[in-house]
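Read through the structure below, which is laid out as structure tokens, and then see the notes.
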Amino acid sequence: MYNEIIGFIRETFHTPEGFIPLHEPRFTGNERKYVLDTIDSTFVSSVGAYVTRFEEMVTEITGAKHAIAVVNGTCALHMAILLAGVEPGDEVITQPLTFAATANAIRHAYATPHFVDVDEDTMGMSPERLQRHLSAIAVLRDGRCYNKSTGKRIAACIPMHTFGLPLRIDEIAAICEKYNIPLVEDAAESLGSFYKGKHTGTFGVLGTLSFNGNKTVTCGGGGAILTNDGDLARKAKHLTTTAKLPHPWAFVHDEVGYNYRMPNLNAALACAQLEQLSGFVENKRELALIYKDFFQSKGIPFVSEIEGASANYWLMTILLRDQTQRDDFLSFSNERKVMTRPAWQLVNTLPMYKDCPAGDLSSARRLADRIVNIPSSVRIKK
Ligand SMILES: *Cc1c(COP(=O)(O)O)cnc(C)c1O
């Protein structure tokens, strides 16, 4: 059976031998041209036309009113958390099945992650679990939400669209509204993913994207903050660009700023990549169908988008029976140079977060034992 799977993946990627990575970038458009353009113009750093063009392209793709380019997705999250009003000592709800950066960004704001379980079909935050947990622990005082058992304010909620599959974000948004908890979406993995016709990352007060090397499109390192709020957008731009007051020659800063701006060199690469996003997503969605058919015929669940969702299928996922079968297959496939990967170790079990507040996380635990990501790159003819 494992042999058959490896054979099928090799055939699908037109790679009869040699290494098949999990996700590799494709520079098949204007990458070289735009990058050389920044070198020729000498504008490789924090000033340049590609940053503005990148921000315009991101607003066009996502439908967000404003997009602010930053150095990476973690910094985008840190800034979004600060702008959502999170203060030192607050709690921020997030999911245990995510990349460590989601929780790290909460800690960078001196707040504490508070873990709520995921749904087993979307692998993203569960509205049912969130509602149940808040009913048990939350209390509203002066219009603000507090955790009864710790006494801390619950200052934001950060769900994450796992592997690019949209979660039930409209239901999460409705619950957050009821409890007056600002919603910030970690859409780092879901550029090009929509739920009920709306781009992921645009359902809350702020959303964030990543353009890291392994994401659907990359600019080496990069991120973006999304918002429909003009004031927040202005603040985001100001704070991420050292909080310098605009002036022809004077150097005056009016706040403790951050140097989180995206260099023009990276923005050039990002623009070239974004031009190809829809083609990349189409290509990946086609691969998802091929995989789904194959794994269905083998009786192995392939995780697909839920109704109303259109996923970018960033990293494709199968669910094996249990941890033993998962580990057998991970060894077998990686030994044969077909790269596969388990889910991240659940964030709530990492040493830095093991004492953080949490609800019932049984679905995340069940999933974490079974998830295997399989090669998911955009396929090219060989
Ligand atoms: C990639 C990723 C990030 C962070 O992005 P970087 O650009 O690598 O800083 C944040 N959250 C999730 C869920 C991610 O997958």
Side-chain angles (χ1 to χ4, degrees), residues 22-25 54 58 67-82 84 92-109 111 113 115-116 118 122-125 156-167 169 172 183-193 200-201 203-204 206-226 240 258-263 265-267 269-270 273-274 284 303 311-317 341-348 350 352-353 364 367-368 371 373 376:
L22 194 65
H23 201 284
E24 63 182 332
F54 167 78
V58 171
I68 297 89
V70 292
V71 273
N72 61 53
T74 310
C75 290
L77 264 176
H78 179 207
M79 192 50 55
I81 289 165
L82 295 179
V92 175
I93 291 175
T94 191
Q95 60 198 56
L97 184 67
T98 183
F99 180 52
T102 318
N104 290 343
I106 294 169
R107 264 293 157 79
H108 294 162
F115 298 101
V116 166
V118 295
T122 66
M123 302 184 288
M125 190 180 285
C157 175
I158 313 184
M160 195 280 284
H161 301 277
T162 306
F163 306 137
L165 294 168
L167 61 97
I169 189 64
I172 297 281
L183 173 63
V184 176
E185 278 174 272
D186 184 351
E189 305 183 353
S190 58
L191 177 65
S193 298
T200 54
F203 287 78
L206 294 140
T208 61
L209 302 173
S210 166
F211 296 84
N212 188 40
N214 62 348
K215 297 293 189 333
T216 302
V217 297
T218 183
C219 62
I225 302 164
L226 308 176
T240 54
Y258 296 80
N259 179 14
Y260 279 1
R261 56 190 154 201
M262 177 187 281
L265 187 62
N266 297 77
L269 194 52
Q273 286 270 282
L274 285 177
K284 286 163 73 69
V303 186
N312 67 4
Y313 284 99
W314 170 51
L315 286 188
M316 314 215 192
T317 307
R341 207 174 74 179
W344 314 277
Q345 188 183 319
L346 293 180
V347 177
N348 65 298
L350 298 175
M352 341 47 116
Y353 301 118
L367 278 173
I371 286 172
N373 293 130
S376 307

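No experiment lies behind these values; they were computed from the predicted model shown. In listed order, ligands and their atoms are each counted from 1.
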Worksheet entry | Worked check of side chain to side chain donor-acceptor pair (under 3.5 Å) between Ser190 and Glu185 | CA-CA 10 Å; Ser190 58; Glu185 278 174 272; over 6 Å; no
Item to complete: Kindly indicate, with the supporting measurements, whether the criterion side chain to side chain contact (heavy atoms under 4.5 Å, CB included) is fulfilled by Arg341 and Leu315.
Response: CA-CA 10 Å; Arg341 207 174 74 179; Leu315 286 188; 3.5 Å; yes
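Closest protein heavy atom to atom 15 (O) of ligand 1: Glu189 OE2, 2.5 Å. Considering only non-hydrogen protein atoms, atom 4 (C) of ligand 1 sits nearest to Thr74 OG1, 3.6 Å. Nearest protein neighbour of atom 11 (N) of ligand 1, counting heavy atoms only, is Asp186 OD2, 2.8 Å. The nearest heavy-atom contact from the protein to atom 1 (C) of ligand 1 is Lys215 NZ, 1.6 Å. The nearest protein atom to atom 5 (O) of ligand 1, hydrogens excluded, is given as Ser210 OG, 3.2 Å; this is a heavy-atom distance.
Considering backbone and side-chain N/O atoms, Gly73 comes within less than 3.5 Å of an N/O atom of ligand 1.
Ligand-side atoms of ligand 1 in range of Thr102: 11 (N), 13 (C), range being under 4.0 angstrom from any heavy atom. Numbered from 1 in the order shown, with element, the atoms of ligand 1 that lie under 4.0 Å from a heavy atom of Asn212 read 7 (O), 8 (O). The Phe99 neighbourhood of ligand 1 comprises atoms 2 (C), 3 (C), 12 (C), 13 (C), 14 (C), 15 (O), with distances under 4.0 Å to a heavy atom of that residue. The ligand atoms of ligand 1 that sit less than 4.0 angstrom from a heavy atom of Thr98 are 13 (C). Residue Met160 has at least one heavy-atom neighbour below 4.0 Å for each of these atoms of ligand 1: 13 (C). Those atoms of ligand 1 with a heavy atom of Ala188 less than 4.0 angstrom away are 2 (C), 3 (C), 10 (C), 11 (N), 12 (C), 14 (C).
Here the CG-CG distance, from Leu226 to Leu206, works out to 8.5 Å after rounding to the nearest 0.5 Å. A distance of 4.5 Å separates CE of Met316 from OG of Ser376, quoted to the nearest 0.5 Å.
Ring-plane geometry between His78 and His108 is classed as perpendicular, the angle between the planes exceeding 60 degrees on a 0 to 90 degree scale with a lower cut at 30. Between Trp314 and Phe163, the ring planes are tilted. Angles from 30° to 60° get that label.
Judged by distance alone, the side chain of Gln95 and the main-chain N or O of Met125 form a donor-acceptor pair under 3.5 Å.
When heavy-atom distances to ligand 1 are checked against a 4.0 Å cut-off, Asn72 comes that close through both its backbone and its side chain.
A heavy-atom distance below 4.5 Å is found between the side chains of Leu82 and Tyr258.
Shown here for Asn266 and Gly221, the closest heavy-atom pair between the two residues is ND2-O, 3.3 Å.
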